[in-house]
Colleague: 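Just dropping this structure here.
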Amino acid sequence: MTYFSASEKVCSQRNDSVGANAHNVWMEHNHLRAWRKFRHLTLDEVAAAIGSTKATVQQLEVGRMSLSQKWLIKIAPVLGTTPGMLLDHDPNDLPTSVLETWASIPSEDQPKALEVLKAFKRTGTDG
């Protein structure tokens with residue numbers, strides 16, 4: 001079965017075989033509501049942006065509906081984040097300036113921006 005793991009720093013997929021009756025199991029806890037409120041969006045606004053209903057978005061937020069990969073891919077861009085961030089991080093626990101700066105970088109330039117940020121990572125030396 002394939003599911004997203006919230007224990008990773010970013011959204012990742014794992015494959016596990018569970019037998020002939022295997023089915024998709026998705027994480028029930030997520031930070032969808034926190035991200036929606038962080039972006040000052042209503043349930044109706046998110047629903048309209050993803051072509052769904054307010055009730056569906058609300059059920060996804062509270063875990064009554066599974067936040068599948070399909071939903072993650074639709075919702076994350078609307079909230080200016082990634083699927084992994086929706087699963088793993090409450091935006092209120094992250095440095096807001098970093099999130100806002102990243103969201104303002106055009107998607108085609110984000111790979112270059114990421115390379116620049118990686119240059120700042122410590123290499124294990126004292127320098």
Side-chain angles (χ1 to χ4, degrees):
M1 102 181 86
T2 302
Y3 61 94
F4 282 91
S5 171
S7 63
E8 300 295 324
K9 292 286 183 194
V10 294
C11 187
S12 64
Q13 286 190 338
R14 291 181 32 191
N15 294 312
D16 295 324
S17 296
V18 211
N21 295 325
H23 62 280
N24 287 337
V25 176
W26 300 92
M27 218 189 117
E28 304 236 351
H29 178 74
N30 62 68
H31 299 286
L32 180 55
R33 177 177 284 164
W35 277 98
R36 178 179 58 78
K37 289 184 175 189
F38 181 75
R39 296 294 184 204
H40 306 288
L41 295 171
T42 66
L43 289 166
D44 287 320
E45 289 170 328
V46 173
I50 64 171
S52 189
T53 65
K54 175 182 176 177
T56 297
V57 175
Q58 188 172 35
Q59 288 181 9
L60 290 166
E61 284 186 352
V62 299
R64 285 191 207 120
M65 270 182 68
S66 298
L67 189 56
S68 67
Q69 182 177 13
K70 173 187 112 173
W71 289 116
L72 288 166
I73 290 169
K74 280 184 168 186
I75 296 172
V78 172
L79 299 177
T81 191
T82 64
M85 293 296 278
L86 286 175
L87 294 176
D88 293 338
H89 300 285
D90 183 324
N92 301 299
D93 296 339
L94 299 170
T96 305
S97 61
V98 172
L99 294 174
E100 294 304 324
T101 301
W102 184 261
S104 71
I105 299 170
S107 60
E108 63 272 8
D109 292 333
Q110 287 179 352
K112 289 187 281 186
L114 184 58
E115 289 303 314
V116 170
L117 289 172
K118 285 180 180 179
F120 287 96
K121 284 174 61 175
R122 291 194 158 241
T123 59
T125 64
D126 290 86

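Side chains are part of it too, since the values below use all heavy atoms of this structure and drop only hydrogens, waters and symmetry mates.
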Colleague: Is there side-chain contact between Val78 and Arg36, with heavy atoms separated by less than 4.5 Å?
Modeller: no
Colleague: Which salt bridge (charged side-chain N to carboxylate O under 4.0 Å, His left out) pairs, counting each pair once, include a residue from residues 37-49, with sequence neighbours left out?
Modeller: Arg39-Glu100
Colleague: State the CH2-CG distance between Trp35 and Leu41, to the nearest 0.5 angstrom.
Modeller: 12.0 Å
Colleague: Would you mind reporting whether Met85 and Leu79 have side-chain heavy atoms less than 4.5 Å apart?
Modeller: no
Colleague: Hey, are the side chains of Leu60 and Ile75 touching, using non-hydrogen atoms and a 4.5 Å cut-off?
Modeller: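 A side-chain contact exists here, since the closest heavy-atom pair is under 4.5 Å.
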Colleague: Other than Leu117, which residues form its hydrophobic cluster under the rule that side-chain heavy atoms must be closer than 4.5 Å?
Modeller: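 When side chains under 4.5 Å apart are linked, the cluster holding Leu117 also contains Trp102, Ile105, Leu114.
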Colleague: What pairs with Asp93 under salt bridge (Lys or Arg N to Asp or Glu O under 4.0 Å), at least two apart in sequence or on another chain?
Modeller: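 Partners of Asp93 under the salt bridge (Lys or Arg N to Asp or Glu O under 4.0 Å) test: none.
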Colleague: Supply the atom-to-atom distance Leu67 CG to Asn30 CG, rounded to the nearest 0.5 angstrom.
Modeller: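 Spacing of CG (Leu67) from CG (Asn30) equals 5.0 Å.
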Colleague: Side chains of Trp71 and Ile50, heavy atoms from C-beta outward: is any pair under 4.5 Å?
Modeller: yes
Colleague: Give me the atom names and distance for the closest heavy-atom approach of Pro77 to Leu72.
Modeller: CD-O, 4.3 Å
Colleague: Tell me, which pairs form a ring-ring contact (aromatic ring centres under 6.0 Å, His included) where one or both residues lie in residues 39-66, sequence neighbours left out?
Modeller: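 Counting only pairs at least two positions apart or across chains, no ring-ring contact (aromatic ring centres under 6.0 Å, His included) contact touches residues 39-66.
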Colleague: Which heavy-atom pair separates Ala76 from Pro83 by the least distance, and what is that distance?
Modeller: CB-N, 3.6 Å
Colleague: Under the rule for salt bridge (Lys or Arg N to Asp or Glu O under 4.0 Å), what residues qualify as partners of Glu115, not counting sequence neighbours?
Modeller: Lys118
Colleague: Donor-acceptor pairs under 3.5 Å, side chain of residues 51-59 to any protein atom, not counting sequence neighbours: which ones?
Modeller:
unit_1 : atom_1 : unit_2 : atom_2 : d
Thr53  : OG1    : Thr56  : N      : 3.1
Thr53  : OG1    : Thr56  : OG1    : 2.9

Colleague: Check whether any side-chain heavy atom of Asp88 sits under 4.5 Å from a side-chain heavy atom of His31, and report yes or no.
Modeller: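 With C-beta onward as the side chain, the pair stays apart.
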